[in-house]
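Only one structure is covered here, and it is reproduced in the block below.
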Amino acid sequence: MNRLTSKLPKVGTTIFTVMSQLAMKHGAMNLGQGFPDFAVPPELVDALERAMRAGHNQYAPMTGIPALRQAIAAKTEALYGHPVDADTEVTVTSGATEAIFATVHALIRAGDEVIVLDPCYDCYEPAIELAGATAVHVPLTDPGFRPDWERIEAAVSPRTRMIIVNTPHNPCGSAFEPGDLDALAALAERHGLWVISDEVYEHIAFGEHGHQSVLRHPGLAARSLVVSSFGKTFHCTGWKVGYCIAPADLSAEFRKVHQYLTFCTFNPAQHALAEMLDQHPEHYRSLPDFYRDKRDRFRDALAASAFGLPSVDGSYFQLVDYSAISDRDDMAFCRWLVEEQGVAAIPLSPFYAEPPAGQRLIRLCFAKDDATLDAAAAKLCAIAPGSG
Ligand code: PMP
Ligand code: GLN
């Protein structure tokens, strides 16, 4: 019999699942795993029900229903000024996770290298490793978890094929500034790299220049696969519907993997989301203000706490620095916080190949009802310096 050796020896249960289970076990408030605790827009639920009753319950087209691809293309052009061909450049996927996996497997071969920026979202490296390739980790730098483009360029080797970027950033809440697009474009062009741009928080960007999609930059758009997720935009992380926008030649390769990974995505939701994008653009247009208010409410409520509060330029995550409270490492601190203080958070170290020594940061999700945010902040404010 074959001996079983894991293809993913480093992978265990994700930190999001671990912390959600601990939150449940200890009856804690769950500000760990990133998901909203408020309802999806009622129009979306109505549209989903109508789609199912109208009989949209069989396989959807492999690339996504035309109405949704067209709505995505129209939104993208309106927001980022980049014309997108709905037929050849947009593919609807079963969440951003599927899109990222399919993208890596469409383009990356055994022995290739892919640059990722730490702390990085957990699904990138397993996809790279299953392709037989290697993730080359380059840290984002302080202050503010910014890409250091010179340092990134120094990590490029003759085997490097791709770089994966994420803006707005999970877990750090940082976001690209306009100059970052030029720097990334120059680097990708000099070394012939493809770019996966994980933009699932594209509608949750707070900076004065708005979300810096790579699609704003024509040179970058020509070599990028941009991944987004309706889970974040419409408060429905459990629906797992997302999309990938890429030039026609890259999309054609992407679709070869998508076709045999899932073939197609939940059909009724595609009809409902197409209707929402067309008829309620105010929903995604007002999302930055909606989440800015939550961010500010949460930060104001935590101002009196012993936690340090790095700035948040996008996403629905607030990092907090607990060095005034405890010298435990972040895993131990999160355990203490959920068991003794009734609040679940996410430690930062699992997002790194090599966590920086002495870093005392954890992630809190503020995609929560105001009452939940106030109650969680009250618990966090009650934690005295040095008590952990
Ligand atoms: N990328 C990032 C940065 C994310 O935060 C998430 C989900 N939290 C995903 C990808 C995956 O999105 P989906 O749930 O649509 O697969
Ligand atoms: N992306 C979510 C987060 O960052 C978690 C998704 C998951 O549990 N896989 O919290």
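What you see below is based on every heavy atom in this structure, not just the backbone, and it leaves out hydrogens, waters and symmetry mates. Numbering of ligands and ligand atoms starts at 1, following listing order. Residue numbers run from 1 in the order of the sequence given. For clarity, every value in this text was computed on a predicted model and none was experimentally measured.
- Under the 4.0 angstrom criterion for non-hydrogen atoms, Tyr201 is in contact with ligand 1.
- With Ile362 as reference, Leu337 is the one residue of Leu337, Asp321, Leu348 to meet the side-chain contact (heavy atoms from CB on, under 4.5 Å) rule.
- The shortest contact between atom 9 (C) of ligand 1 and any protein heavy atom is with Tyr121 CE2, 3.5 Å.
- Atom 11 (C) of ligand 1 has Thr97 OG1, 3.3 Å as its closest protein atom, hydrogens excluded (heavy atom only).
- Proximity to Gly95 (heavy-atom distance under 4.0 Å) selects the following atoms of ligand 1: 15 (O), 16 (O).
- Under the 4.0 Å criterion applied to side-chain N and carboxylate O atoms, Arg292 and Asp289 are assigned as salt-bridge partners.
- Of the protein's non-hydrogen atoms, the one nearest atom 8 (O) of ligand 2 is Gln33 NE2, 2.7 Å.
- At under 3.5 Å, a nitrogen or oxygen of Asn170, whether backbone or side chain, sits near a nitrogen or oxygen of ligand 1.
- The cationic atom of Lys240 (NZ for Lys, CZ for Arg) does not lie both less than 6.0 Å from the six-membered ring centre of Phe230 and within 45° of the ring axis.
- Here the two rings, on Phe290 and His235, have centers that are under 6.0 Å apart.
- On a distance-only criterion, Arg363 and ligand 2 share at least one N/O pair closer than 3.5 Å.
- Residues Arg146 and Asp180 meet the side-chain proximity criterion, which asks for heavy atoms closer than 4.5 Å.
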Next on the checklist: Under the criterion ring pair (Phe, Tyr, Trp, His ring centres under 6.0 Å), I'd like the reasoning laid out for Tyr291 against Tyr201: C-alpha separation, chi angles, the key distance, then a yes or no.
Outcome noted: CA-CA 11 Å; Tyr291 274 116; Tyr201 301 101; 8.9 Å; no
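- Using a 4.0 Å cutoff on heavy atoms, Thr237 does not count as a contact of ligand 1.
- Taking the six-membered ring where the residue is Trp, Trp336 and Phe333 present tilted rings, their angle falling between 30° and 60°.
- Contacts between Met19 and ligand 2 below 4.0 angstrom, taking non-hydrogen atoms only, are absent altogether.
- Taking distance alone, with nitrogen or oxygen atoms compared against 3.5 Å, Val200 stays at or beyond that limit from ligand 1.
- Expressed to the nearest 0.5 Å, how far CG of Asp313 lies from SG of Cys172 amounts to 11.0 Å.
- Contact annotation: for Asp198 versus ligand 1, heavy atoms closer than 4.0 Å belong to the side chain alone.
- Remark: minimum distance from atom 7 (C) of ligand 2 to any protein heavy atom is reached at Phe16 CD1, 3.7 Å.
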Next on the checklist: Assess the residue pair Phe317 and His169 against the criterion (ring pair (Phe, Tyr, Trp, His ring centres under 6.0 Å)); give the C-alpha distance rounded to whole Å, side-chain angles, the decisive distance to 0.1 Å, and a yes or no.
Outcome noted: CA-CA 9 Å; Phe317 299 115; His169 192 268; 9.7 Å; no
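- Contact annotation for Lys240 and ligand 1: only side-chain heavy atoms (C-beta onward) come within less than 4.0 Å of the ligand.
- Scanning the protein heavy atoms around atom 12 (O) of ligand 1, the nearest turns out to be Ala96 CB, 3.4 Å.
- Contact annotation: for Val241 versus ligand 1, there are no heavy atoms closer than 4.0 Å.
- Nearest protein neighbour of atom 1 (N) of ligand 2, counting heavy atoms only, is Tyr121 OH, 2.9 Å.
- Counting the atoms of ligand 1 from 1 in the order shown, those under 4.0 Å from a heavy atom of Ser229 are 13 (P), 15 (O).
- Between Thr237 and Gln33 there is no side-chain heavy-atom pair separated by less than 4.5 Å.
- Using a 4.0 Å cutoff on heavy atoms, Asn170 counts as a contact of ligand 2.
- Heavy-atom separations between Lys232 and ligand 1 include at least one value shorter than 4.0 Å.
- Judged by the 6.0 Å and 45° rule, Lys294 forms no cation-pi pair with Phe298.
- Using cut-offs of 30° and 60° on the angle between ring planes, the pair His56 and His271 is parallel.
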